[in-house]
Number of protein chains: 2
Amino acid sequence: MAASSGELAGRDTCDATIIDTGAVQQVRSALSGIRSRKTACDIHGAIGDPTRHLLLEALAVMPLCVCDLAELSGVSSSAVSHQLRALRDLDLVAFEREGKRAVYRLADEHVRSLLALGLEHSAERGSGL
Amino acid sequence: MAASSGELAGRDTCDATIIDTGAVQQVRSALSGIRSRKTACDIHGAIGDPTRHLLLEALAVMPLCVCDLAELSGVSSSAVSHQLRALRDLDLVAFEREGKRAVYRLADEHVRSLLALGLEHSAERGSGL
DNA sequence: TGAACGCATGAGCAAACGTTCACATGAGAT
DNA sequence: ATCTCATGTGAACGTTTGCTCATGCGTTCA
């Protein structure tokens, strides 16, 4: 803490076998406050799969049932159901039964923001920014 | 054409019954404008790995060299180097040589936003929102 | 009531992924 | 110059993962 008051304090002391500089300790303490790292990983990992990403993008347009999502994504409805369950477990999507169909929708606006941010970054990257 | 761009469903998978052709077509055309889907997937997928997520979080605190990151993440510097390369290929991190060390930093503020959004969503999820 | 349909779930398999290991490169240190 | 350290890279290996197949459950309609 105290040793880390300088911006990059201790980074130059990477000598010998001990790497544990003030920088490492500072970062360690900064990261120790994060309690939901695993879930955040799971969320990004879920969005990172091409099929699930497509499902989420589709649901960002409008709520859809499993069969429509299967049609859109080009995989079996069984696969879609599996992936939707994964997304449901992370509270990225929610669903509602309508007769024999299950109509899925995005859970909230966070998901939309995550999708948008990823697309935004990749778009800028692609144009050589 | 709209329907032919990307890997959007060109074929009927559940060909027996089309539930809502209009909805499917509408979503299809809405998604056809997205050209950077694959890169966006890769970005989220990269952030989704626990090790890479930790590396990014650490770099969100301050720039760090490979050995510090290895110490922080608890994996070998070789593994860190591999993961940093993946992150570099996606322009999520950048690096700068300082003597025999390579000091990595976040590429831009988008990455910080992506990390923050994921953590925010997972935090709300955890508290039962 | 029975058949068809939409959806969910478990097992199994092939592909992808992350780590370790071994080695190469380049920059300080002796 | 030589040695050591920090890093980068390719190959191999064990694990994970997403798909398909088969099956079960609940709903709708004849």
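Chain identifiers are assigned alphabetically (A, B, ...) following the order of the sequence lines, protein sequences preceding nucleic acid strands; residue numbering begins at 1 within each chain. Here the structure is a predicted model, which means the values were calculated and not measured.
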Can you build the contact string for nucleotides 7-18 of chain D? Use B for base contact, S for sugar-phosphate-only contact, and - for no protein heavy atom under 4.0 Å.
BBBB-------S

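A donor-acceptor pair is defined here as one N or O able to donate and one able to accept, closer than 3.5 Å; no such pair exists between the side chain of A/R112 and the backbone of A/E57.
Within the structure, side-chain hydrogen bond (donor to acceptor under 3.5 Å, both in side chains) contacts touching residues 73-84 of chain B (residues at least two apart or in different chains) are B/R52-B/Q83.
Residue B/V27 is tested with A/L69, A/L72, A/L59, A/D68 for a side chain to side chain contact (heavy atoms under 4.5 Å, CB included); the sole match is A/L72.
Classification of B/R28 and A/E71 as a salt-bridged pair holds, one side-chain N sitting under 4.0 Å from a carboxylate O.
Remark: A/H44 pairs with B/H44 by the ring-ring contact (aromatic ring centres under 6.0 Å, His included) rule, at least two apart or across chains.
The distance from atom CG of A/L87 to atom P of C/dA8 is 12 Å, rounded to the nearest whole Å. Atom pair B/D89:CG and C/dG18:C1' shows a separation of 15 Å (rounding to whole Å applied). Between the P atom of C/dG18 and the CG atom of B/D42 lies a distance of 11 Å, rounded to the nearest Å.
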